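This report concerns only the one structure given below.
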Amino acid sequence: MNKGLFITLEGGEGSGKSVQCSKLYERLVQRYGDQLVIKTREPGGSTGAELIRKMLLTGEVDRWFPMSEMLLFYAARYDHWRRTILPTILRGGIVVCDRFFDSSVVYQGGGRGIPRKFFHAIHAMFAEIDSEHPFLPDRTYILDIDPRRGVTRSNKRISQFAEKDEKEDRFERIDIAFHEKVREEYFAVLEENPLRCVKIDAGQSIEQIHEDIWQDVETLLSGVTSPGSSHA
Ligand code: TYD
């Protein structure tokens, strides 16, 4: 069986993930075409998950209990996984995803205090229900940036693009200590997953960050041989 490739980008606020997702997506499309490559994001990436996105990213900081927030992220994620990600991987395609479960582990886990064992339990549940493919990215790039610099960058972008009521800045409005904790948790994720996760210095130029990611993606692609050439 020739399976596809599932790549995720992670990082704190203002780390430039979304720009890097687009650049990586465009370069992959140049090589494999837009039938084989998709770009998606979390929370969101399917019709139902985009509805949940609004509930999660707007409104008061304490709008949800940590556990409710975590379950909403996973409700969105399961829909996204089943409707968008898994079908693409199974037909041998390449998925570039802006955030995935590592975001929940660091924001709801590290940041909000939900114990790790709950994440392990949910992942095990999903893996048992859908045994066609592991519920796991093949590679995760973690863009590391000083939270003070990142949050300032991110707030600037949000105030340029959204009306007050529509602002998706519920997490950006949490205090800086929360974002420092998120960064520490990303370091822990890197340590726990040395084969899957790669740290990228997000303080570099956009071009240099892209080249660092691309160099590694090339090694992944040589392992997959030709994406989409045959299916299970
Ligand atoms: P978004 O507007 O997509 O911005 P960005 O990804 O560029 O920061 O915001 C998503 C927010 O949701 C972000 O602050 C991180 C948070 N988040 C979680 O707390 N848990 C999760 O599982 C995911 C996917 C995101």
Side-chain angles (χ1 to χ4, degrees), residues 6 8-24 39-46 48-81 84-85 95-114 116 118-119 122-123 126 135-137 140-147 149-163 166-186 189 200 202 206 209:
F6 180 23
T8 60
L9 273 78
E10 292 280 350
E13 308 306 316
S15 56
K17 276 178 302 81
S18 307
V19 171
Q20 293 301 328
C21 279
S22 298
K23 288 186 81 68
L24 176 58
K39 175 167 76 86
T40 184
R41 68 167 180 185
E42 290 212 345
S46 67
E50 289 289 333
L51 287 173
I52 298 174
R53 177 183 173 94
K54 273 271 163 259
M55 297 196 282
L56 280 165
L57 301 190
T58 62
E60 294 306 312
V61 164
D62 60 358
R63 179 178 193 179
W64 303 108
F65 286 104
M67 182 56 88
S68 317
E69 182 177 287
M70 189 263 243
L71 292 171
L72 279 171
F73 273 112
Y74 274 89
R77 179 162 300 130
Y78 189 68
D79 200 68
H80 181 212
W81 168 251
T84 309
I85 300 172
V95 178
V96 176
C97 189
D98 190 340
R99 296 193 184 280
F100 195 58
F101 65 52
D102 294 302
S103 285
S104 291
V105 170
V106 305
Y107 281 79
Q108 282 66 54
R112 301 274 205 216
I114 303 278
R116 281 283 166 106
F118 292 147
F119 298 95
I122 293 185
H123 298 172
F126 287 3
F135 180 71
L136 189 71
T140 298
Y141 300 103
I142 299 184
L143 276 63
D144 178 50
I145 191 159
D146 173 355
R149 193 169 154 201
V151 171
T152 309
R153 215 198 251 179
S154 180
N155 282 335
K156 223 183 250 174
R157 192 197 62 203
I158 288 167
S159 57
Q160 275 170 354
F161 290 114
E163 292 303 318
E166 290 296 301
K167 272 186 189 173
E168 293 185 338
D169 65 348
R170 205 175 128 252
F171 286 90
E172 281 85 349
R173 280 185 272 122
I174 306 177
D175 58 44
I176 197 73
F178 175 88
H179 295 286
E180 302 274 9
K181 181 86 179 101
V182 162
R183 187 189 202 191
E184 289 305 313
E185 289 295 317
Y186 271 128
V189 166
I200 303 285
I206 290 176
I209 298 170

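Owing to the predicted nature of the structure, the values given are computational and were not obtained by experimental measurement. In each ligand, atom 1 is the first atom listed, and ligand 1 is the first ligand listed.
- Interface atoms of ligand 1 facing Arg53, defined by a heavy-atom separation under 4.0 Å, are 1 (P), 2 (O), 3 (O).
- The nearest heavy-atom contact from the protein to atom 22 (O) of ligand 1 is Ser104 OG, 2.5 Å.
- Just one of Phe126, Phe135, Phe100 meets the ring-ring contact (aromatic ring centres under 6.0 Å, His included) condition when paired with Tyr78; it is Phe126.
- Pairs engaging residues 100-114 under the salt bridge (Lys or Arg N to Asp or Glu O under 4.0 Å) rule: Glu69-Arg112, Asp102-Arg196 [sequence neighbours left out].
- Checked against side-chain hydrogen bond (donor to acceptor under 3.5 Å, both in side chains), Thr40 has the following partners two or more places apart in sequence or in another chain: His80.
- Closest protein heavy atom to atom 20 (N) of ligand 1: Gln108 OE1, 2.8 Å.
- When only interatomic distances are considered, the shortest N/O to N/O separation between Glu172 and ligand 1 does not fall below 3.5 Å.
- Between Arg173 and Phe178 the shortest side-chain heavy-atom distance does not fall below 4.5 Å.
- Heavy-atom distances between Glu69 and ligand 1 stay at or above 4.0 Å for every pair.
- For ligand 1, the atoms sitting less than 4.0 Å from at least one non-hydrogen atom of Leu57 are 2 (O), 9 (O), 10 (C), 11 (C), 12 (O), numbered in the order shown with element in parentheses.
- In this structure, the protein non-hydrogen atom closest to atom 13 (C) of ligand 1 is Glu13 OE2, 3.5 Å.
- Using a 4.0 Å cut-off between charged nitrogen and carboxylate oxygen, Arg153 and Glu172 do not count as a salt-bridge pair.
- At the top of the distance list for atom 4 (O) of ligand 1, counting protein heavy atoms only, stands Arg157 NH2, 4.2 Å.
- The protein heavy-atom contact nearest to atom 8 (O) of ligand 1 is Arg99 NH2, 3.0 Å.
- Against a heavy-atom cut-off of under 4.0 Å, Lys17 is close to the following atoms of ligand 1: 5 (P), 6 (O), 7 (O).
- Of the inter-residue distances, the one linking Arg170 atom CZ with Met55 atom CE reads 11.0 Å to the nearest 0.5 angstrom.
- Thr58 and Arg63 form a side-chain donor-acceptor contact under 3.5 Å, judged by distance and modelled atom types alone.
- The protein heavy atom nearest to atom 16 (C) of ligand 1 is Phe171 CD1, 3.8 Å.
- Comparing Tyr107, Tyr74, Phe73 by heavy-atom distance to atom 25 (C) of ligand 1, the nearest is Phe73.
- Near Glu42, with a cut-off below 4.0 Å to any heavy atom, the atoms of ligand 1 are 24 (C).
- In Arg77, the part holding a heavy atom less than 4.0 Å from any atom of ligand 1 is the side chain.
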Residue pair Arg183, Ile145: steps toward the side chain to side chain contact (heavy atoms under 4.5 Å, CB included) verdict: CA-CA 8 Å; Arg183 187 189 202 191; Ile145 191 159; over 6 Å; no
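- In this structure, the side chains of Ile122 and Met70 come closer than 4.5 Å at one or more pairs of heavy atoms.
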